[in-house]
Peer 1: 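Would you mind keeping the following structure in view while I ask a few things?
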There are 2 protein chains.
Amino acid sequence: MTTIYDVSRLAGVSAKTVSRVLNEPDRVKTKTREAVLEAMKSLEYSPNSMARQLRLGGGSSLGLLLEDPASGYQSRFHQALLTACMEAGKHMTVELFEGVMPDWQARVDRFLTEGRVRDLVLLPTLCDFAPLKDYLRTKGARAVLIAPSVYDTHFPAVVMDDRAASRQIVEHLFSLGHKRIGHITGHADHSASILRRSGVIEAYDAAGLPRPGPELFASGDFMFKKGIEAAEILLSLPDAPTAIFAANDETAAAVAMVAHKRGLSIPGDLSVVGFDDAPIASAVWPALTTIRQPYLEMARRVVQIIDGWEGQTRSSGNTSVFMTPHELIVRDSSGPAKV
Amino acid sequence: MTTIYDVSRLAGVSAKTVSRVLNEPDRVKTKTREAVLEAMKSLEYSPNSMARQLRLGGGSSLGLLLEDPASGYQSRFHQALLTACMEAGKHMTVELFEGVMPDWQARVDRFLTEGRVRDLVLLPTLCDFAPLKDYLRTKGARAVLIAPSVYDTHFPAVVMDDRAASRQIVEHLFSLGHKRIGHITGHADHSASILRRSGVIEAYDAAGLPRPGPELFASGDFMFKKGIEAAEILLSLPDAPTAIFAANDETAAAVAMVAHKRGLSIPGDLSVVGFDDAPIASAVWPALTTIRQPYLEMARRVVQIIDGWEGQTRSSGNTSVFMTPHELIVRDSSGPAKV
DNA sequence: GTCAAAAATGACATCGATGACATTTTATAT
DNA sequence: ATATAAAATGTCATCGATGTCATTTTTGAC
């Protein structure tokens with residue numbers, strides 16, 4: 001590996017001058033600079049970033065463990081975190097981490113050491129993988145959890161209020177006169193599924209209405225395909241619901257498709273509401289009423305928290321939970337109940 | 001920030017002993033080790049990974065500059081690179097980089113230094129942004145270009161043969177008896193668009209057929225929406241084509257939609273072919289005949305090249321272009337031409 | 001209790017870059 | 001031509017860890 005000294009020797013200047021060519025080219029005479037660049041080129045020199053960073057003493061980057069980069073949810077957070085990092089002038093190292101890997105501890109270790117990461121961000125469902133959290137604790141690594149099922153004493157969490165958002169949707173449907181509302185749940189492993197479901201019930205309770213029967217809850221998994229099945233089941237009920245609230249937009253899009261296939265107009269015959277404000281929500285027709293998840297705001301929070309850790313001598317050990325406000329977006333897929 | 005010296009002082013031992021506790025605990029007496037661990041804990045010591053890597057001579061992580069993480073093309077490469085890194089035990093730091101940012105040079109600088117990155121991966125269209133390449137050269141940063149329009153003397157490139165693949169598609173359609181084939185081009189900024197277009201013409205030339213008239217080339221931009229417009233134009237021609245080759249799968253999906261709307265059956269009345277083998281290709285009905293882009297293979301190549309740079313004393317400095325084989329995937333959207 | 005071998009520990013140089021400060025060269029004014 | 005300021009360059013120390021090798025302590029056999 002060629003170093004700055006090799007270059008300086010070949011160019012007949014001091015190492016410091018080479019360093020200057022790299023970092024403050026204007027302070028070097030043109031002729032010298034050209035000679036140095038020439039030497040750099042012929043030796044294929046490339047500065048050792050570790051040495052630079054050691055000398056300059058910057059902060060470490062944050063690390064993101066990704067279970068499934070193809071998942072819409074994870075990729076949206078991934079993207080939001082990239083944006084938040086850019087805004088804050090921080091950097092992010094991303095690593096594929098499939099929880100079932102037998103050597104996951106070694107992988108985390110190498111990620112922390114070789115990846116030069118100290119602070120991690122854990123998304124669902126990794127943020128609920130207890131062995132990982134325990135392991136991180138023993139390694140002195142810090143982490144922020146995004147939307148965990150269970151809060152943690154050691155790691156702060158950034159969340160949105162899934163239950164309240166869900167309740168808000170149902171109340172929106174109530175206000176349009178809907179009485180029978182079907183709900184397609186999310187994947188059972190996601191705590192959000194449970195929260196959104198219980199938000200539905202909470203809305204009924206708060207309105208003093210009897211809770212809906214179990215036939216109005218169809219199980220989904222956040223994916224289009226399963227959404228089709230669930231929609232078929234709900235719409236085949238003898239007393240079919242006049243509105244369906246799907247646990248996410250992709251599932252809601254599936255509901256819309258099934259409705260169209262059955263000749264039901266939206267929102268004339270059936271109101272459909274989603275959750276996420278994913279791109280698909282405004283791509284389908286009619287555009288979906290949905291909840292905007294505050295991805296970017298949450299990502300910014302995460303970065304803020306980690307920023308606060310820089311140069312911190314001791315971490316509190318308190319549980320901190322940062323709730324981030326969401327927003328109900330009423331579009332064209334929800335309307336008055338058919339009389 | 002606490003260092004190994006702070007720990008050694010508190011524990012009353014030498015720094016080297018602390019280092020031993022960290023790296024070869026068995027060579028330290030139990031009592032000493034415990035004292036050191038105690039000190040580490042009370043100071044919340046966490047070793048400076050930069051210093052370690054510098055001493056140990058470890059490799060740096062590779063850096064990926066992403067213009068638009070929402071783009072399917074970029075995100076597929078992103079994902080493939082993550083996988084390839086995982087396989088190779090390397091790490092990747094990702095940074096949002098919108099070329100139009102006025103302070104892009106400073107951002108690159110900080111990415112290289114703070115992000116501790118030495119080797120970059122550039123995707124289209126960044127890999128054709130000459131000022132960036134020039135700047136990287138002056139900084140001694142190394143880079144691998146993925147599918148650049150123009151090869152570079154300094155940076156190796158990993159590519160697939162877009163033109164040959166495109167020609168292969170047209171020849172496939174020829175073999176099914178198609179004579180009038182429409183082509184929807186990709187975004188004009190992508191060299192792939194031009195290559196795919198010229199592959200079409202090459203196929204005609206090779207078959208000794210007269211080149212298709214300009215009316216058979218509709219301009220697209222790789223996106224669904226523009227694909228609809230383009231399809232409408234092609235299918236409204238007085239002598240409409242019996243097959244349409246779209247520059248990517250998303251556009252092809254748009255063509256399929258338009259065809260259905262017009263009551264044309266696929267492939268009975270119209271054959272449709274895409275390019276990419278994106279998820280959408282097998283999600284639409286009928287499943288699209290397409291070209292599988294070798295994302296993962298290309299990503300592995302990139303990682304190999306960068307791996308080869310580690311500890312390299314000097315390398316050729318030649319332009320290297322690594323061609324990666326693609327594959328024609330014949331599904332249900334292409335069939336014999338209507339007689 | 002003595003002594004050699006083994007174990008434990010420490011001193012110092014080193015990895016490759018850059019900051020602080022010193023020195024030399026060049027430009028500018030007189 | 002000389003004085004002086006400004007620009008260009010160089011010297012040396014330093015970031016925080018670990019390798020090398022020297023030194024001290026412990027162990028165990030006699």
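In what follows, chains are A, B, ... by sequence order, proteins preceding strands, each numbered from 1.
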Peer 1: Rounded to whole Å, how long is the line connecting atom OH of B:Tyr45 with atom C1' of D:dG16?
Peer 2: 7 Å
Peer 1: In terms of the angle between their ring planes, are B:His91 and A:Phe111 parallel, tilted or perpendicular, with boundaries placed at 30° and 60°?
Peer 2: tilted
Peer 1: Assign each of A:Tyr5 and A:Asp26 to its nearest nucleotide of DNA chain D by heavy atoms, then name whichever residue's nucleotide is nearer the 5' end.
Peer 2: A:Asp26
Peer 1: Just how far, in rounded Å, is P of C:dG16 from CG of B:Leu56?
Peer 2: 12 Å
Peer 1: Does D:dT9 have OP1 or OP2 sitting under 4.0 Å from an N or O in the side chain of A:Thr17?
Peer 2: no
Peer 1: Could you tell me whether B:Val18 contacts a base, only the sugar-phosphate backbone, or nothing, with contacts defined as non-hydrogen atoms closer than 4.0 Å?
Peer 2: nothing
Peer 1: Expressed in angstrom and rounded to an integer, what is the separation of B:Glu24 atom CD from C:dA7 atom C1'?
Peer 2: 13 Å
Peer 1: According to a strict under-4.0 Å criterion, is B:Asn23 in side-chain N/O contact with OP1 or OP2 of D:dT18?
Peer 2: yes
Peer 1: To the nearest Å, how far apart are A:Arg9 CZ and D:dT11 C1'?
Peer 2: 16 Å
Peer 1: Go nucleotide by nucleotide along DNA chain C from the 5' end; which of B:Val28 and A:Ser46 gets its closest nucleotide reached first?
Peer 2: B:Val28
Peer 1: Between D:dG10 and A:Arg20, counting only base atoms on the nucleotide and side-chain atoms on the residue, is there a donor-acceptor pair under 3.5 Å?
Peer 2: yes
Peer 1: Show the nearest heavy-atom pair for residues B:Asn23 and B:Arg52, with the distance to one decimal.
Peer 2: OD1-NH2, 2.9 Å
Peer 1: If you compare every side-chain N and O of B:Ser14 against the phosphate oxygens of C:dG10 (OP1, OP2), does one of them come in below 4.0 Å?
Peer 2: yes
Peer 1: Measure across B:Arg20 and B:Val28 and return the closest heavy-atom pair with its distance rounded to 0.1 Å.
Peer 2: CB-CG2, 3.5 Å
Peer 1: B:Ile4 has a side chain; which of D:dG16, D:dT26, D:dA17 sits nearest to it?
Peer 2: D:dA17
Peer 1: OP1 or OP2 of D:dG16 sitting under 4.0 Å from any side-chain N/O of B:Thr3?
Peer 2: no
Peer 1: Looking at B:Arg137 and B:Asp152, is there a salt bridge between them, counting it only when a charged N and a carboxylate O are closer than 4.0 Å?
Peer 2: yes
Peer 1: Rounded to the nearest Å, what distance is computed from the NZ atom of residue B:Lys16 to the C1' atom of nucleotide D:dT23?
Peer 2: 15 Å
Peer 1: Rounded to the Å, how far apart are A:Arg52 CZ and C:dG19 C1'?
Peer 2: 14 Å
Peer 1: Does A:Thr32 reach a base, just sugar-phosphate, or nothing at all? Heavy atoms under 4.0 Å.
Peer 2: sugar-phosphate
Peer 1: Whole Å only: how far is the NZ atom of B:Lys29 from the C1' atom of D:dT26?
Peer 2: 7 Å
Peer 1: Nearest whole angstrom, please: distance from the P of D:dG16 to the CZ of B:Arg116.
Peer 2: 14 Å
Peer 1: If you take all heavy atoms of A:Thr125 and A:Asp189, which pair is closest and at what distance?
Peer 2: CG2-O, 4.1 Å
